[in-house]
**Student:** 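Before I ask anything, here is the structure I am working with.
Here the structure is a predicted model, which is why all the values come from computation and not from measurement.
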Amino acid sequence: MDLITLINARKIIIQHSQEKLPMPLAYKFAKFLKETESDEAFYNEKFLEIVNQYRQRDENGNFVESGNGIPLVASETEKCKEELKELGNTKVNLPNIRFSLHELSILKLSVQDIFILEELIEEK
């Protein structure tokens with residue numbers, strides 16, 4: 001599984017984590033989040049390392065702040081994007097947690113959500 005897919009699956013699960021769910025599904029969500037916590041920490045750490053490497057700095061070497069996101073050195077933007085893409089494409093082990101269509105049927109999910117969760121869904 002690609003790391004970015006795992007990160008996006010976590011986002012979907014976190015979006016539904018405050019809903020009242022059947023206990024087995026809530027338990028699986030909790031186990032999934034716990035099992036993939038270190039993957040997210042790794043992603044966040046590497047993401048910041050990459051972005052900080054290409055961030056604009058002022059004359060004192062401090063990061064330039066912007067209300068519109070993180071300003072990057074213009075000549076390095078493509079290189080930064082490529083490194084972030086490589087990070088996202090990093091292969092990680094597929095978590096041991098799987099969800100059945102029946103379990104997920106109580107959730108309102110978009111087609112995009114299904115594409116992201118597809119590797120975690122067992123059709124029975």
Side-chain angles (χ1 to χ4, degrees):
M1 170 177 254
D2 289 343
L3 181 56
I4 195 64
T5 302
L6 181 99
I7 297 304
N8 288 330
R10 282 181 56 87
K11 288 178 185 176
I12 292 167
I13 290 170
I14 288 169
Q15 286 174 349
H16 293 282
S17 67
Q18 296 301 311
E19 297 174 21
K20 297 291 184 189
L21 302 170
M23 195 286 205
L25 181 58
Y27 180 73
K28 278 184 159 182
F29 276 2
K31 285 192 62 95
F32 177 86
L33 292 173
K34 196 177 215 181
E35 185 178 327
T36 59
E37 215 169 66
S38 63
D39 293 308
E40 183 174 44
F42 170 81
Y43 177 82
N44 291 337
E45 178 184 329
K46 294 300 179 188
F47 182 92
L48 281 175
E49 283 178 19
I50 293 167
V51 170
N52 286 340
Q53 181 178 350
Y54 298 104
R55 280 181 78 171
Q56 288 180 9
R57 296 176 186 268
D58 63 20
E59 60 279 350
N60 297 322
N62 298 317
F63 293 130
V64 173
E65 298 296 326
S66 169
N68 298 337
I70 299 170
L72 302 174
V73 175
S75 62
E76 301 290 333
T77 301
E78 288 307 313
K79 191 172 180 182
C80 181
K81 286 181 184 179
E82 186 58 36
E83 287 188 35
L84 291 174
K85 184 177 178 182
E86 285 177 26
L87 173 63
N89 289 336
T90 301
K91 297 295 181 196
V92 294
N93 292 330
L94 196 59
N96 293 318
I97 308 296
R98 299 290 182 284
F99 305 99
S100 70
L101 289 174
H102 176 73
E103 288 173 317
L104 297 176
S105 67
I106 65 159
L107 302 176
K108 300 277 189 223
L109 298 171
S110 69
V111 172
Q112 184 63 37
D113 292 344
I114 297 299
F115 281 133
I116 292 167
L117 295 173
E118 187 173 25
E119 290 181 75
L120 302 170
I121 298 174
E122 291 180 332
E123 293 183 55
K124 288 187 180 181

**Student:** Please report the shortest heavy-atom distance between I116 and T5, naming the atom on each side.
**Tutor:** O-CG2, 3.5 Å
**Student:** Between N44 and I7, is a side chain to side chain contact (heavy atoms under 4.5 Å, CB included) present by the stated rule, with each step listed?
**Tutor:** CA-CA 10 Å; N44 291 337; I7 297 304; 5.8 Å; no
**Student:** Can you name the closest pair of heavy atoms from G88 and D2 and give their distance?
**Tutor:** O-CB, 3.6 Å
**Student:** With a 4.5 Å heavy-atom cut-off, do S100 and I121 have their side chains touching?
**Tutor:** no
**Student:** Would you indicate whether E45, at its atom CD, is surrounded by more than 12 heavy atoms from other residues, nucleotides or ligands within a distance under 6.0 Å?
**Tutor:** yes
**Student:** Any side-chain heavy atom of E35 sitting closer than 4.5 Å to one from I97?
**Tutor:** yes
**Student:** Can you confirm whether Q56 sits close enough to L72 that some side-chain heavy atom of one is under 4.5 Å from a side-chain heavy atom of the other?
**Tutor:** no
**Student:** Identify the two heavy atoms, one from H16 and one from E19, that lie closest to each other, and give their separation to 0.1 Å.
**Tutor:** ND1-OE2, 2.5 Å
**Student:** How many angstroms lie between atom CD1 of I13 and atom CD of Q15, to the nearest 0.5 angstrom?
**Tutor:** 10.5 Å
**Student:** Using modelled atom types and a 3.5 Å cut-off, is there a donor and acceptor pairing between side-chain atoms of E119 and backbone atoms of L94?
**Tutor:** no
**Student:** Treat each ILVMFWY residue as a node, draw an edge where side-chain heavy atoms are under 4.5 Å apart, and state whether L109 and L6 are in one component.
**Tutor:** yes
**Student:** How about CG on N62, more than 12 heavy atoms from neighbouring residues, nucleotides or ligands closer than 6.0 Å, or not?
**Tutor:** yes
**Student:** The test is side chain to side chain contact (heavy atoms under 4.5 Å, CB included); show your working for F99 and K28 and say whether it passes.
**Tutor:** CA-CA 8 Å; F99 305 99; K28 278 184 159 182; 3.6 Å; yes
**Student:** State, to 0.1 Å, how close F32 and T36 come at their nearest heavy-atom pair, and which atoms those are.
**Tutor:** O-OG1, 2.8 Å
**Student:** Please report the interatomic distance CD1(I114) to CD1(I12), rounded to the nearest 0.5 Å.
**Tutor:** 8.0 Å
**Student:** To check you understand the geometry: which heavy-atom pair defines the closest contact between T90 and L87, and what is its length?
**Tutor:** OG1-O, 2.8 Å
**Student:** Around atom CZ of F115, are there more than 12 heavy atoms from other residues, nucleotides or ligands closer than 6.0 Å?
**Tutor:** no
**Student:** Check R57 against V64 and note the closest heavy-atom contact, atom names and distance.
**Tutor:** C-CG2, 3.6 Å
**Student:** Checking salt bridge (charged side-chain N to carboxylate O under 4.0 Å, His left out) against R55, which of E49, E65, E76 comes through?
**Tutor:** E65
**Student:** Could you tell me whether the side chain of F29 reaches within less than 4.5 Å of the side chain of I14, counting heavy atoms only?
**Tutor:** no
